[in-house]
J.: 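Dropping a structure here in structure tokens format, bear with me for questions.
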Amino acid sequence: MTHAFICDALRTPIGRYGGALSSVRADDLGAIPLKALLARHPNLDWQAVTDVIFGCANQAGEDNRNVAHMSSLLAGLPVELPGATINRLCGSGMDAVGTAARAIKAGEAG
């Protein structure tokens with residue numbers, strides 16, 4: 001079985017309802033850590049990335065779409081790179097990490 005490792009991690013800030021981040025779209029916010037990872041690892045073969053998995057709770061209205069894929073596009077990743085957004089409310093981020101790790105361990109992701 002393939003092992004999964006966390007090699008680097010970033011996250012967005014947590015906002016309050018109607019707070020300072022209320023005017024920022026979820027996909028714009030999600031693109032920020034992706035761009036930072038691209039900048040941190042310029043020699044990484046980003047074409048070898050097989051999926052983008054985000055945890056995102058309570059997206060609504062205009063933000064109610066695949067935040068992971070839209071964020072990856074805004075970060076400049078290829079349109080062919082799929083993305084999945086997991087909404088488990090408070091557990092969204094942890095579930096995204098677990099889902100990615102299980103896919104790697106099962107050989108379903110590179």
Side-chain angles (χ1 to χ4, degrees):
M1 179 180 290
T2 302
H3 294 284
F5 299 95
I6 296 175
C7 300
D8 199 348
L10 293 167
R11 65 158 298 132
T12 59
I14 298 171
R16 294 177 185 239
Y17 181 76
L21 297 173
S22 64
S23 64
V24 181
R25 290 178 16 168
D27 52 359
D28 287 326
L29 192 62
I32 295 169
L34 288 174
K35 288 178 183 178
L37 287 170
L38 288 163
R40 279 188 190 182
H41 305 284
N43 297 324
L44 186 68
D45 179 8
W46 289 98
Q47 297 298 321
V49 175
T50 59
D51 207 349
V52 175
I53 303 175
F54 269 27
C56 184
N58 292 334
Q59 64 271 24
E62 188 177 310
D63 293 336
N64 191 19
R65 59 186 171 277
N66 190 344
V67 175
H69 185 62
M70 295 303 296
S71 295
S72 72
L73 293 175
L74 290 168
L77 292 168
V79 68
E80 298 83 14
L81 178 62
T85 304
I86 296 173
N87 183 346
R88 296 285 296 242
L89 298 179
C90 295
S92 299
M94 286 302 296
D95 197 10
V97 170
T99 298
R102 283 189 298 277
I104 291 167
K105 287 181 176 185
E108 295 176 352

J.: Could you tell me which residues satisfy salt bridge (charged side-chain N to carboxylate O under 4.0 Å, His left out) with Arg40, sequence neighbours excluded, listed by chain and number?
T.: Asp8
J.: Atom CD1 in Ile53, atom OG1 in Thr99: separation rounded to 0.5 Å?
T.: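 Reported value, rounded in 0.5 Å steps: 6.0 Å.
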J.: Just to verify, what does Arg16 make a side-chain hydrogen bond (donor to acceptor under 3.5 Å, both in side chains) with, not counting sequence neighbours?
T.: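 In terms of side-chain hydrogen bond (donor to acceptor under 3.5 Å, both in side chains), with neighbours along the sequence ignored, Arg16 is linked to no residue.
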J.: Please report the shortest heavy-atom distance between Ala26 and Ser71, naming the atom on each side.
T.: O-OG, 4.1 Å
J.: Transitively linked via ILVMFWY side-chain contacts under 4.5 Å: Leu10 with Leu77?
T.: yes
J.: Please tabulate, one pair per line, all N/O donor-acceptor pairs under 3.5 Å involving side-chain atoms of residues 42-49, not counting sequence neighbours.
T.:
| from | atom 1 | to | atom 2 | distance (Å) |
| --- | --- | --- | --- | --- |
| Asp45 | OD1 | Gln47 | N | 3.1 |
| Trp46 | NE1 | His41 | O | 3.2 |

J.: For Tyr17, which residues count as a side chain to side chain contact (heavy atoms under 4.5 Å, CB included) partner, sequence neighbours excluded?
T.: none
J.: Do Asp27 and Phe54 have side-chain heavy atoms sitting under 4.5 Å apart?
T.: no
J.: Can you list, by chain and residue number, the hydrophobic cluster partners of Leu73 when the side-chain cut-off is 4.5 Å?
T.: Met70, Val79
J.: Less than 3.5 Å apart, which donor and acceptor atoms pair up between the side chains of residues 80-90 and the rest of the protein, not counting sequence neighbours?
T.:
| from | atom 1 | to | atom 2 | distance (Å) |
| --- | --- | --- | --- | --- |
| Thr85 | OG1 | Asn66 | OD1 | 2.8 |
| Thr85 | OG1 | Val67 | N | 3.0 |
| Thr85 | OG1 | Ala68 | N | 2.9 |
| Asn87 | OD1 | Leu89 | N | 3.1 |

J.: Mind checking side-chain hydrogen bond (donor to acceptor under 3.5 Å, both in side chains) for Ser72 and listing every partner two or more places apart, or none if nothing turns up?
T.: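 Here no residue qualifies.
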J.: Considering only Ile, Leu, Val, Met, Phe, Trp and Tyr, and joining two whenever side-chain heavy atoms are under 4.5 Å apart, list the other residues clustered with Ile6.
T.: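 Taking Ile, Leu, Val, Met, Phe, Trp and Tyr as members, Ile6 shares its hydrophobic cluster with Val97.
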J.: So, for Leu74 and Lys35, which heavy atoms are closest and what is the spacing to 0.1 Å?
T.: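 Looks like O-CE, 3.3 Å.
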J.: Hey, could you give me the CD1/CG distance between Ile32 and Leu37, rounded to the nearest 0.5 Å?
T.: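 The CD1 atom of Ile32 sits 12.5 Å away from the CG atom of Leu37.
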